[in-house]
S.K.: 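Got a structure for you, questions after.
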Amino acid sequence: METFSDEALKRTHHCGQLRSSDIDAEVRLAGWVRSYRDHGGVVFIDLRDREGITQVVFDPDVGGEEMHTLARAIRNEWVIAVKGKVRPRGEDRVNPKLDTGEIEVICDELNVLNRAQPVPFEPDEYHSTSEENRLKYRYIDLRRTEMTRALRLRHQICRVMRAALDEDGFVEVETPFLTKSTPEGARDFLVPSRMQDAAFYALPQSPQLFKQVLMVGGLDRYYQIVRCFRDEDLRADRQPEFTQLDIEMSFATEADVMDVTNRIMRSVCELSGKSFPDEVPVMSFAEAVRRFGSDRPDLRFGMELIDVSDIVKETDFGVFTGAIDAGGVVKCIVVPGGAEMTRKETDGLAEWARGFGAGGMAVTKVAEGGALETGIAKFMAPVAAGLIERTGARAGDLLCFGSDKTTIVNRVLGELRCKLARERGMIDPGAMEWLWVVDFPLVEWNEDENRWDSLHHPFTAPKVEDMDKLDSDPGSVRSRAYDIVCNGLEMGGGSIRIHNLDVQEQVFRLLGISHEEARAKFSFLLDALSYGAPPHGGIAFGLDRTAMMMIGAGSIRDVIAFPKTQRGVCPLTGAPSDVDHMQLTELNLRIMDEPHNQ
RNA sequence: GGGGCUGUAGCUCAAUUGGUUUAGAGUACCGGACUGUCGAUCCGGUGGUUGCGGGUUCGAAUCCCGUCAGCCUCGCCA
């Protein structure tokens with residue numbers, strides 16, 4: 001083991017700090033060896049810490065033979081501490097790639113703090129490796145400036161969020177992780193109780209009920225940067241544990257929550273050098289779905305969905321007329337310059353559309369003079385002029401049609417416009433298009449279970465003016481929910497909550513939750529509502545997604561220090577793993593089907 | 001659970017589409033040379049169950065089947 005004095009660790013500067021103005025200063029640096037260049041006589045080492053890189057020179061004439069011999073043995077990723085003098089490099093030796101490139105440190109005292117085995121990959125900008133390796137050796141991956149930058153920006157984001165909320169009188173309160181399983185929503189992670197046989201805690205999917213109880217408790221304004229847990233399949237933007245900025249406020253309306261949110265996101269964007277509008281546009285759910293086929297529309301490009309049902313029903317094209325007769329719609333999008341797509345490509349769209357439950361994808365191209373050609377051109381010929389006028393399509397454009405039930409058409413064309421925008425380079429990489437989506441339906445019909453499900457959650461308040469339809473026409477009742485969307489990603493969502501016990505019980509009835517079930521699952525909330533609950537509402541943001549967007553990362557794994565793989569495995573620790581038999585016994589648990597998991 | 005892509009030295013990739021290749025190169029690592037490099041350079045060397053298991057074939061990294069892992073995605077995620 002290497003020995004060194006405490007003095008060796010007393011850094012005077014970090015590795016990204018020294019400049020020409022520091023020349024002749026006596027300094028101590030410590031860090032990791034990024035590369036070494038041994039010239040036999042003089043040795044150069046690039047020393048890296050989280051702040052940057054400084055070149056250190058080992059010259060036997062300055063530091064002595066013993067130091068020089070030790071310096072020659074140094075390898076990549078060893079941890080060393082040096083003492084020396086800052087000196088200029090001379091004009092022809094300046095390294096413009098480094099912030100510290102005008103100077104170097106000529107070492108007179110070298111301490112090897114720790115050696116390193118050859119690393120599985122080198123954490124510099126010239127090498128890459130599989131994400132699997134990066135996660136397994138995360139401690140090496142984290143040395144990369146890109147990762148350091150991501151984690152530090154994430155920290156800054158949290159900091160400005162806290163600052164903005166603190167300024168507005170919000171109080172950060174912690175809520176339990178060992179809590180009660182909730183009936184709806186995602187699958188819970190369960191934690192067996194040792195003290196109570198056959199009883200389980202659940203890790204919270206969100207602190208929803210606790211924050212409402214805090215409002216009843218008079219906290220008035222609460223927030224928390226908090227971990228949430230959902231046992232569902234993973235995606236690029238979904239981890240089984242993820243972080244939310246969770247907010248709740250009393251005596252608040254939709255506008256109040258949206259104001260606070262806008263202020264926070266503006267600070268976060270300012271910090272990250274991203275744009276945030278003075279006024280965030282607000283769009284109803286119905287309009288978003290009608291025009292963009294999505295409740296989280298990406299406004300960085302056009303290609304809106306255009307209803308052409310009334311035009312094409314005059315044709316003899318059975319696919320369209322059949323869909324309309326069955327109560328569906330025909331809509332289309334105009335792909336600018338899309339006529340250049342090949343037959344193979346447009347056929348590929350039809351195949352792709354089937355993946356979303358559509359029968360296919362009809363296309364046709366706009367030629368010079370407004371004529372249609374290829375695809376379904378001959379069927380559309382009689383209404384070509386009407387289509388051109390309605391859609392505003394120009395020569396060289398491609399028309400893509402969806403015909404089916406309204407929900408399927410919106411879905412397919414909504415996905416299609418995003419896919420084409422991506423693939424055809426129609427997205428300005430620097431654009432940030434923020435949007436509030438409001439007036440969501442309170443419930444949606446669940447075909448499989450034959451019942452109404454909450455769109456948001458069961459505690460979302462219905463709009464006062466729609467209350468009278470709660471029993472007669474639940475599907476048309478709008479809720480007091482709102483989502484904030486950026487570039488087609490849902491960044492956060494919330495609602496004004498139900499604060500009245502009668503209304504809450506009415507909504508439970510609508511959702512098919514019996515009085516007994518409601519008492520069993522949420523008696524604490526129902527009791528709380530009956531003891532003087534103030535009107536209140538709030539919102540929750542995906543912090544990981546926010547950080548991902550601000551850093552421009554492709555996956556939330558890049559802004560999480562220790563993320564899990566798609567199968568929920570942590571490559572670093574190997575979790576999840578089997579446990580000692582004694583631990584199971586203590587919990588009164590037995591593995592039922594051992595081979596199932598092998 | 002379904003669909004797609006990927007898997008070859010520690011790492012990043014080749015291997016003329018089944019055939020003189022003992023599966024190569026760069027980098028890392030080991031040894032040597034070198035007092036101004038900066039992704040140092042030069043010389044030499046170690047390093048392989050081609051993810052794993054079957055099969056087809058005179059012959060498989062290459063074709064087929066199965067399986068495992070990673071990524072993307074549908075379902076799922078109030």
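Within every chain, numbering begins at 1; the chains are lettered A, B, ... in the order of the sequence lines, protein sequences first and strands thereafter.
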S.K.: On the nucleotide C38(B), are OP1 or OP2 found under 4.0 Å from the side-chain N or O atoms that Arg93(A) carries?
M.R.: no

S.K.: Compile the donor-acceptor pairs under 3.5 Å between side chains in residues 406-416 of chain A and protein atoms, sequence neighbours left out, one pair per line.
M.R.:
{"residue": "Asn410(A)", "atom": "OD1", "partner": "Lys331(A)", "partner atom": "NZ", "Å": "2.7"}
{"residue": "Asn410(A)", "atom": "ND2", "partner": "Thr406(A)", "partner atom": "O", "Å": "3.4"}

S.K.: Heavy atoms under 4.0 Å is the rule here; annotate nucleotides 3-13 of chain B 5' to 3' with B where the base is hit, S where only the sugar-phosphate is, and - elsewhere.
M.R.: -------SSS-

S.K.: What integer number of Å spans the P atoms of G55(B) and A60(B)?
M.R.: 12 Å

S.K.: Do other residues, nucleotides or ligands put more than 12 heavy atoms under 6.0 Å from Glu423(A) CD?
M.R.: yes

S.K.: Sort out the partner of C29(B) for me: Watson-Crick or G-U wobble, both distances under 3.5 Å, none otherwise.
M.R.: G45(B)

S.K.: Starting at the 5' end of RNA chain B and moving along, which residue's nearest nucleotide shows up first, Gly41(A) or Gly568(A)?
M.R.: Gly41(A)

S.K.: Can you name the side-chain hydrogen bond (donor to acceptor under 3.5 Å, both in side chains) partners of Tyr482(A), sequence neighbours left out?
M.R.: none

S.K.: Would you kindly give the CD1-to-C1' distance between Ile106(A) and C38(B), to the nearest whole Å?
M.R.: 15 Å

S.K.: Taking the C1' atom of each, how far is C77(B) from C68(B), in whole Å?
M.R.: 26 Å

S.K.: May I ask you to say what Arg134(A) touches in the nucleic acid, namely base, sugar-phosphate or nothing, with a heavy-atom cut-off under 4.0 Å?
M.R.: nothing

S.K.: Does a donor on one side chain and an acceptor on the other come within less than 3.5 Å for Gln205(A) and Asp188(A)?
M.R.: yes

S.K.: Measure the distance from CG on Asn76(A) to C1' on U27(B) and round it to the nearest whole Å.
M.R.: 10 Å

S.K.: Using a cut-off of less than 4.0 Å, is there contact between a side-chain N or O of Arg235(A) and OP1 or OP2 of C74(B)?
M.R.: yes

S.K.: Please work out which residues in residues 345-354 of chain A have a non-hydrogen atom less than 4.0 Å from an atom of RNA chain B and list them by number.
M.R.: none

S.K.: Can you list, in residue-number order, the parts of residues 490-500 of chain A that come under 4.0 Å of RNA chain B, counting heavy atoms only?
M.R.: none

S.K.: Cation-pi check for Phe177(A) against Arg227(A): NZ or CZ below 6.0 Å from the six-membered ring centre and within 45 degrees of the axis, yes or no?
M.R.: no

S.K.: For Arg238(A) and U73(B), is the shortest distance between a side-chain N/O and OP1 or OP2 below 4.0 Å?
M.R.: no

S.K.: Of all residues at least two apart in sequence or in a different chain, which pass the side-chain hydrogen bond (donor to acceptor under 3.5 Å, both in side chains) check with Arg34(A)?
M.R.: Asp46(A), Glu125(A)

S.K.: In residues 60-68 of chain A, what donor-acceptor pairs under 3.5 Å come from side-chain atoms, sequence neighbours left out?
M.R.:
{"residue": "His68(A)", "atom": "NE2", "partner": "Gly40(A)", "partner atom": "O", "Å": "3.4"}
{"residue": "His68(A)", "atom": "NE2", "partner": "Gly41(A)", "partner atom": "O", "Å": "2.3"}

S.K.: Starting at CD of Glu91(A) and ending at C1' of C38(B), how long is that distance when rounded to a whole Å?
M.R.: 18 Å

S.K.: With side-chain hydrogen bond (donor to acceptor under 3.5 Å, both in side chains) as the test, pick out the partner of His536(A) among Gln212(A), Lys211(A), Arg497(A).
M.R.: Gln212(A)

S.K.: Between Phe44(A) and His39(A), is the ring centroid distance below 6.0 Å?
M.R.: yes

S.K.: When you compare A69(B) with C76(B), how far apart are their P atoms, in angstrom units rounded to a whole number?
M.R.: 24 Å

S.K.: Rounded to whole angstrom units, what separation is found between the CG atom of Asp92(A) and the C1' atom of C38(B)?
M.R.: 13 Å

S.K.: Tell me every residue that passes side-chain hydrogen bond (donor to acceptor under 3.5 Å, both in side chains) with Arg93(A), counting only those two or more places apart in sequence or in another chain.
M.R.: none

S.K.: Got a sec, which pairs hit salt bridge (Lys or Arg N to Asp or Glu O under 4.0 Å) with one end in residues 504-516 of chain A, sequence neighbours left out?
M.R.: none

S.K.: Between the protein and nucleotides 45-48 of chain B, list the N/O to N/O atom pairs that are separated by less than 3.5 angstrom.
M.R.:
none

S.K.: Below 4.0 angstrom from OP1 or OP2 of G39(B), is there any side-chain N or O of Lys97(A)?
M.R.: yes

S.K.: Which part of the nucleic acid does Leu98(A) contact within heavy-atom distance under 4.0 Å: base, sugar-phosphate only, or nothing?
M.R.: nothing

S.K.: Using the C1' atom on both, measure C34(B) against G51(B) and round to a whole Å.
M.R.: 43 Å

S.K.: Please enumerate all residues that pass ring pair (Phe, Tyr, Trp, His ring centres under 6.0 Å) together with His14(A), with sequence neighbours excluded.
M.R.: none

S.K.: Tell me whether the OP1 or OP2 atom of C72(B) has a side-chain N or O from Gln566(A) closer than 4.0 Å.
M.R.: yes

S.K.: Pick the P atom in A23(B) and in A61(B), then give their distance to the nearest Å.
M.R.: 9 Å

S.K.: Using atom P in both nucleotides, what's the gap between A14(B) and G32(B) to the nearest angstrom?
M.R.: 35 Å

S.K.: Let me spell it out: for each of Ala73(A) and Ser206(A), pick the nucleotide of RNA chain B with the closest heavy atom. Which residue's pick is nearer the 5' end?
M.R.: Ala73(A)

S.K.: Any salt bridge linking Arg187(A) with Glu232(A)? Criterion: basic side-chain nitrogen under 4.0 Å from a carboxylate oxygen.
M.R.: yes

S.K.: Quick test: give all pairs of protein nitrogen or oxygen and nucleotides 40-44 of chain B nitrogen or oxygen below 3.5 Å, distance rounded to 0.1 Å.
M.R.:
{"residue": "A40(B)", "atom": "OP2", "partner": "Ser35(A)", "partner atom": "OG", "Å": "2.6"}
{"residue": "A40(B)", "atom": "OP2", "partner": "Arg37(A)", "partner atom": "NH1", "Å": "2.9"}
{"residue": "A40(B)", "atom": "N6", "partner": "Asp38(A)", "partner atom": "O", "Å": "2.8"}

